[in-house]
Protein chains: 2
Amino acid sequence: MSTAPEGYDPHAYTPFAVTVDLAVFTVRAGRLHVLLVERGEAPYKGRWALPGGFVLPRESAEEAARRELAEETGLTQRSVRAFHLEQLRTYSDPDRDPRMRVVSVAYAALVPDLPEPKGGGDAAHARWWETGGTGPLAFDHDRILTDAYGRVGARLEYTCLATAFCPPEFTLGELQRVYETVWGVELDRPNFRRKVLATPGFVQAVEGPPRRTGGRGKPAALYRAGAATALHPPLLRPEGRPEGRTTP
Amino acid sequence: MSTAPEGYDPHAYTPFAVTVDLAVFTVRAGRLHVLLVERGEAPYKGRWALPGGFVLPRESAEEAARRELAEETGLTQRSVRAFHLEQLRTYSDPDRDPRMRVVSVAYAALVPDLPEPKGGGDAAHARWWETGGTGPLAFDHDRILTDAYGRVGARLEYTCLATAFCPPEFTLGELQRVYETVWGVELDRPNFRRKVLATPGFVQAVEGPPRRTGGRGKPAALYRAGAATALHPPLLRPEGRPEGRTTP
DNA sequence: TTAATAGTGTCTGTAAGACAATATTAT
DNA sequence: ATAATATTGTCTTACAGACACTATTAA
């Protein structure tokens, strides 16, 4: 064959375009939402797609993803830095873009409830869509979105990532609603509370007696995300659907 | 900036080389081994590296990885098809290759104990190395190998992947040794047995009374990998938990 | 016999599931 | 008062960890 086994012959490679695609998730009004942009050009003109763009000559895919995240949400690079961004996998089917050979590194981002992306240039045609209500997306983005959704659900089981959907200070009820929304199940509140509080470093009680109401009920104590990143033992989602919906 | 938000301008992209790198693991003689190739050219001449190569114009990264796996192990594409191959993540640091911009999609492969890669061209400088005994590798391959090792260990907890290290028919003792080798711990045999057999679809008893000896001891019953792919509930590796005797 | 590996059974502690009961707010 | 949410506590079950004990082979 033409490939050298132990090295790369700089003269024997095929040039590819490399892009990043982002599945930006948020929980809003008890529903999982994803950020999509409307395509203004062929192919797939008028279809919705995951935000993304080319990796620039001197940046890594991670840096490109972070830059795109700031552009599409309309926020500054600085404020976007706190958001959880995680590489999903790379999509490289030769025909995934009809125009040229494009390899795309997909990322999932978990953000708290943000205002509708408004303002200037790039984010002009961006909006939040409820997952499940998205029509067929451009390119292979349905597949990417499905993979991303599955990954987020699985990550909630073994990590403390659910707090990434919450504002800096949150109640245990809000945290529980993250799980219920992403997994599409109902959880027992006392048991959820016990589990979260028994996991060292998952959440951290906010000092003083500040409390906040979620409507009309007893005000809830506030917590911050703790230092822990993994969940031992995991918080497994109830049996029945190991994968949740396969098509979001 | 210069990237279009909803599409890819075919004239505005930077060309990259795209490669695959493989972390091929096997369990041999109670030790975890990884397949490495010795570099014959600069840069990193004489250093060992993960096997890999360019993605060809009309193949996906997955196909390239499968092709490279066959080339490096010296086996046919056909026999390599049964091996577990899993995309890890993509490495895209702008300076990871001093010669040019190379984005590499890393894969982990789990294979049963294979003969030393011998024969012809590409695999001439390939051999199995015990993990931990590898010197500094070429490029960012130490990082990739570390990530791959971590991923494999984690996957054993939540999936039935351990059987991928075993021959088609195996004993529970062999399966247990896979866990002990990868995790670097000792497991209690009765408890391991109970867990594996209680998980539907993990292993499947081989019919008839065929048995095989692992040395001198009671011959063990043989099993095949079952149809299950996930492990519910997971088989968590022992924590670094404090000593605790239950009976004095 | 002893050594080594395979397999069975049992006790116990941990954590999750179910759910009753109480507390504090808005309407 | 009633509805709604927060919080505490209790009972039960599933399952993992520890470990004693038996079974079957080679040397």
Visitor: In this structure, how many angstroms lie between the C1' atom of C:dA15 and the CZ atom of A:F202, rounded?
Guide: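 After rounding, the reported distance stands at 16 Å.
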Visitor: Please identify each residue that fulfils side-chain contact (heavy atoms from CB on, under 4.5 Å) with A:S79, with sequence neighbours left out.
Guide: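 Partners of A:S79 under the side-chain contact (heavy atoms from CB on, under 4.5 Å) test: A:L75, A:T76.
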Visitor: Considering only NZ, NE, NH1 and NH2 on the basic side and carboxylate oxygens on the acidic side, decide whether B:R67 and B:E63 come within less than 4.0 Å.
Guide: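 Salt bridge flag = no for B:E63 with B:R67.
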Visitor: Can you list everything that forms a side-chain contact (heavy atoms from CB on, under 4.5 Å) with A:E180? Sequence neighbours excluded, please.
Guide: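 Scan of A:E180 (side-chain contact (heavy atoms from CB on, under 4.5 Å), adjacent residues dropped) gives A:Q176, A:R177, A:E186, A:L187.
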Visitor: Considering only heavy atoms, which members of residues 187-195 of chain B lie under 4.0 Å from some atom of DNA chain D?
Guide: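 Correct list: B:D188, B:P190, B:N191, B:R194, B:K195.
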Visitor: Nearest whole angstrom, please: distance from the P of D:dC15 to the CG of B:L236.
Guide: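 B:L236 atom CG is separated from D:dC15 atom P by 13 Å.
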Visitor: Quick check: closest heavy atoms across A:V111 and A:W128, and the distance to 0.1 Å?
Guide: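 Taking A:V111 first and A:W128 second, the nearest heavy atoms are CG2-CH2, 3.9 Å.
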Visitor: Output all residues satisfying side-chain contact (heavy atoms from CB on, under 4.5 Å) with B:Y223, sequence neighbours left out; order by chain, then residue number.
Guide: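 B:F170, B:L172, B:R193, B:L197, B:V203, B:A205, B:A221.
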Visitor: Write down the distance between CG (A:L197) and P (D:dA6), rounded to a whole number of angstrom.
Guide: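 Interatomic distance, CG of A:L197 to P of D:dA6: 13 Å.
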Visitor: For B:P233, give me all partners under side-chain contact (heavy atoms from CB on, under 4.5 Å), at least two apart in sequence or on another chain.
Guide: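 With neighbours one apart ignored, the set is A:L236, B:K195.
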Visitor: Distances under 3.5 Å only, N/O to N/O: pair up the protein atoms with those of nucleotides 23-27 of chain D.
Guide:
from	atom 1	to	atom 2	distance (Å)
D:dT24	O2	B:K218	N	3.3

Visitor: Using atom CZ of A:F170 as one end and atom C1' of D:dA6 as the other, report the distance to the nearest whole Å.
Guide: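 Atom CZ in A:F170 sits about 16 Å away from atom C1' in D:dA6.
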Visitor: Checking contacts here: which listed nucleotide (C:dA15, C:dA6, D:dA6) is nearest the side-chain heavy atoms of A:P233?
Guide: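 My answer, after comparing the listed nucleotides, is C:dA15.
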Visitor: Let me know the distance between CD of A:E174 and P of D:dT5, rounded to the nearest Å.
Guide: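 So the two atoms are 13 Å apart, to the nearest Å.
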Visitor: Can you list everything that forms a salt bridge (charged side-chain N to carboxylate O under 4.0 Å, His left out) with A:R143? Sequence neighbours excluded, please.
Guide: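 Testing A:R143 for salt bridge (charged side-chain N to carboxylate O under 4.0 Å, His left out), a comparison that skips the adjacent residues, returns A:D147.
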Visitor: Only counting residues at least two apart or in another chain, list the ones meeting side-chain hydrogen bond (donor to acceptor under 3.5 Å, both in side chains) with B:R28.
Guide: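 Listed in chain order: B:D113, B:E116.
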Visitor: Between P on D:dA6 and CG on A:L175, what's the gap in Å once rounded to a whole number?
Guide: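 Going from CG in A:L175 over to P in D:dA6 covers 12 Å.
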Visitor: Nearest whole angstrom, please: distance from the P of C:dA16 to the CZ of A:R237.
Guide: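 Distance check: A:R237 CZ to C:dA16 P gives 16 Å.
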Visitor: For B:S92, what residues pass the side-chain hydrogen bond (donor to acceptor under 3.5 Å, both in side chains) criterion, not counting sequence neighbours?
Guide: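 For B:S92 there are no side-chain hydrogen bond (donor to acceptor under 3.5 Å, both in side chains) partners, ignoring immediate neighbours.
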Visitor: What integer distance in Å separates B:E186:CD from D:dG17:C1'?
Guide: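 B:E186 atom CD is separated from D:dG17 atom C1' by 15 Å.
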